[in-house]
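Every chain is numbered from 1, with letters handed out A, B, ... down the list of sequences.
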2 protein chains.
Amino acid sequence: MVTARRIPVATVARLPLYLRALDELALERIATISSDELAGRAGVNGAQVRKDLSHLGSYGTRGVGYDVAYLVREINRQLGLSENQRVAIVGAGNLGQALARYGGFPARGFEVVAAFDTDPAKIGSRFGSTVVQPVSEMATVIADEKVSVALITVPAAAAQSAVDAAVAGGVRSILNFAPTTVSVPATVALRHVDLGIELQILSFYTRRADETVAAAGPE
Amino acid sequence: MVTARRIPVATVARLPLYLRALDELALERIATISSDELAGRAGVNGAQVRKDLSHLGSYGTRGVGYDVAYLVREINRQLGLSENQRVAIVGAGNLGQALARYGGFPARGFEVVAAFDTDPAKIGSRFGSTVVQPVSEMATVIADEKVSVALITVPAAAAQSAVDAAVAGGVRSILNFAPTTVSVPATVALRHVDLGIELQILSFYTRRADETVAAAGPE
DNA sequence: CCATGTGAAAGCGTTCACAGCG
DNA sequence: CGCTGTGAACGCTTTCACATGG
């Protein structure tokens with residue numbers, strides 16, 4: 001076993017994928033799974049599954065495979081999903097509303113407990129199980145409500161100040177949907193989701209497929 | 001200059017980031033930019049910008065920097081964004097509706113021309129500038145409308161069949177929002193966006209920051 | 001003199017292949 | 001015997017450092 005602490009970033013990014021596959025296996029009442037089968041369900045290579053899991057410890061049984069329930073527990077523990085996390089949505093536009101109604105959050109232990117917007121017309125309106133509050137109150141409410149995750153769904157121009165307010169309130173991690181680069185202190189985890197960027201990347205590969213076919217190219 | 005064709009995947013994933021920064025520069029009437037400044041705005045390292053751009057050709061001027069307008073054109077060309085792309089949204093739920101109303105698509109040359117759902121209550125209802133059609137018609141409509149991109153926003157259980165129908169209609173690329181792994185032929189480009197997974201990855205780093213005060217972030 | 005463009009070095013991540021254990 | 005766990009090989013990415021050219 002590798003020294004356990006220090007899990008590579010690439011491995012961390014795949015653990016939720018394994019978790020998803022393992023949850024399905026549990027529903028199918030499958031108690032044990034080999035690395036190759038789990039790999040098939042997660043869409044990766046078998047050796048990769050074994051190496052990734054070896055970073056968590058030696059949880060498999062040679063000649064048999066991995067215990068599904070045990071692995072689910074261990075991955076959940078490593079990802080810090082054992083206790084619920086409190087989420088705030090900043091920006092009550094289309095995307096913010098869709099996220100608030102999204103059913104996948106509670107299932108995974110993420111609870112939306114606050115929402116914010118600058119638009120006076122939106123403030124006070126119902127928003128999932130909470131109510132939209134003014135952005136000016138954000139830092140206070142986030143601190144009071146012990147929010148640990150902020151989802152930023154404001155326009156690009158407002159993103160950095162929204163992030164700053166969330167950080168001031170004591171948020172530990174931020175998922176930024178605004179199409180702009182924002183910065184946070186090193187103590188706060190940050191990730192981006194940008195639909196436009198995903199589509200542009202896809203566009204490149206679509207185009208290359210055209211050329212390859214047309215040219216009957218190399219590779 | 002490197003022989004131009006064969007741009008590394010990691011570079012392709014950053015080109016849209018540069019494009020975003022360059023568009024802002026153009027709005028600010030800035031005509032020329034150095035690799036270090038562009039890097040600052042895109043949140044990456046200067047050497048990386050230079051190496052990435054060198055894959056497209058020698059578009060900079062030593063001692064001066066890069067011409068903003070020229071670079072915008074070249075990156076757009078490489079990403080295949082020169083002409084508009086026709087998009088279909090499969091699944092008219094919360095997320096599908098939010099995507100249909102999302103303002104960022106037209107600005108980037110992505111036009112939503114069709115939407116599909118299985119729910120009879122939704123079929124026929126307005127959906128952005130189009131109308132929801134039955135999933136059973138999908139392959140035909142996608143072919144007729146010359147749709148090249150499909151956004152999959154159906155529940156996990158329906159994702160693979162939705163993808164198969166989109167592929168049958170002749171779609172060139174797919175952006176999958178359903179929380180499950182799907183497969184496509186090698187000729188179709190595929191990417192995943194999964195909110196739950198993003199939150200779980202963030203959760204890991206949040207937790208690690210708690211344990212060790214100093215934390216190297218993700219991304 | 002300044003900033004690009006690029007070899008070379010260093011760092012990561014993936015895949016192979018097999019020893020070793022249940 | 002089957003499947004894990006892991007060194008070692010390989011390939012990709014990032015970063016460095018500097019020659020090169022406007």
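- Side-chain proximity of B/Pro8 to the nucleotides C/dG5, C/dT14, D/dT13 is greatest for D/dT13.
- The salt bridge (Lys or Arg N to Asp or Glu O under 4.0 Å) test applied to B/Arg14 returns B/Asp52, not counting sequence neighbours.
- Between A/Tyr66 and C/dG22 there is no side-chain N or O to OP1 or OP2 distance below 4.0 Å.
- For A/Tyr59 and C/dC21, the OH to C1' distance is 19 Å, given to the nearest whole Å.
- Here C/dA3 presents its C1' atom at 13 Å from CG of B/Leu53, a figure rounded to the nearest Å.
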Sequence neighbours left out, cut at 3.5 Å: what donor-acceptor pairs do the side chains of residues 99-108 of chain B make with other protein atoms?
| unit_1 | atom_1 | unit_2 | atom_2 | d |
| --- | --- | --- | --- | --- |
| B/Arg101 | NH1 | A/Asn94 | OD1 | 3.2 |
| B/Arg108 | NH1 | B/Asp23 | OD2 | 3.2 |
| B/Arg108 | NH2 | B/Asp23 | OD2 | 2.6 |

Show me the donor-acceptor pairs within less than 3.5 Å that the side chains of residues 62-72 of chain B make with the rest of the protein, sequence neighbours left out.
| unit_1 | atom_1 | unit_2 | atom_2 | d |
| --- | --- | --- | --- | --- |
| B/Asp67 | OD2 | B/Ala69 | N | 3.4 |
| B/Asp67 | OD2 | B/Tyr70 | N | 2.9 |

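- The CG atom of A/Leu56 sits 10 Å away from the P atom of D/dG5 (whole-angstrom rounding).
- Under the salt bridge (Lys or Arg N to Asp or Glu O under 4.0 Å) criterion, no residue pair touches residues 150-170 of chain B, with sequence neighbours excluded.
- Evaluation of the salt bridge (Lys or Arg N to Asp or Glu O under 4.0 Å) test over residues 183-200 of chain B, restricted to residues two or more places apart or in two chains, returns A/Arg20-B/Asp194, A/Arg191-B/Glu198, A/Glu198-B/Arg191.
- A search for side-chain hydrogen bond (donor to acceptor under 3.5 Å, both in side chains) contacts involving A/Glu28 returns A/Arg41, not counting sequence neighbours.
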>> For a quick check, with a 4.0 angstrom heavy-atom cut-off, what is the B/S/- contact string for nucleotides 15-22 of chain D, read 5' to 3'?
In response: BBB--BBS
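- For the pair A/Thr206 (side chain) and A/Leu202 (backbone), a donor-acceptor distance under 3.5 Å is present.
- For the segment residues 14-39 of chain A, residues with any heavy atom less than 4.0 angstrom from an atom of DNA chain C are, sorted by number, A/Arg14.
- Under the side-chain contact (heavy atoms from CB on, under 4.5 Å) criterion, A/Ser34 pairs with A/Asp36, A/Glu37, sequence neighbours left out.
- Distance CG (A/Asp52) to P (D/dG5): 12 Å, rounded to an integer number of Å.
- The NE2-P distance, from B/His55 to C/dT4, rounds to 16 Å in whole Å.
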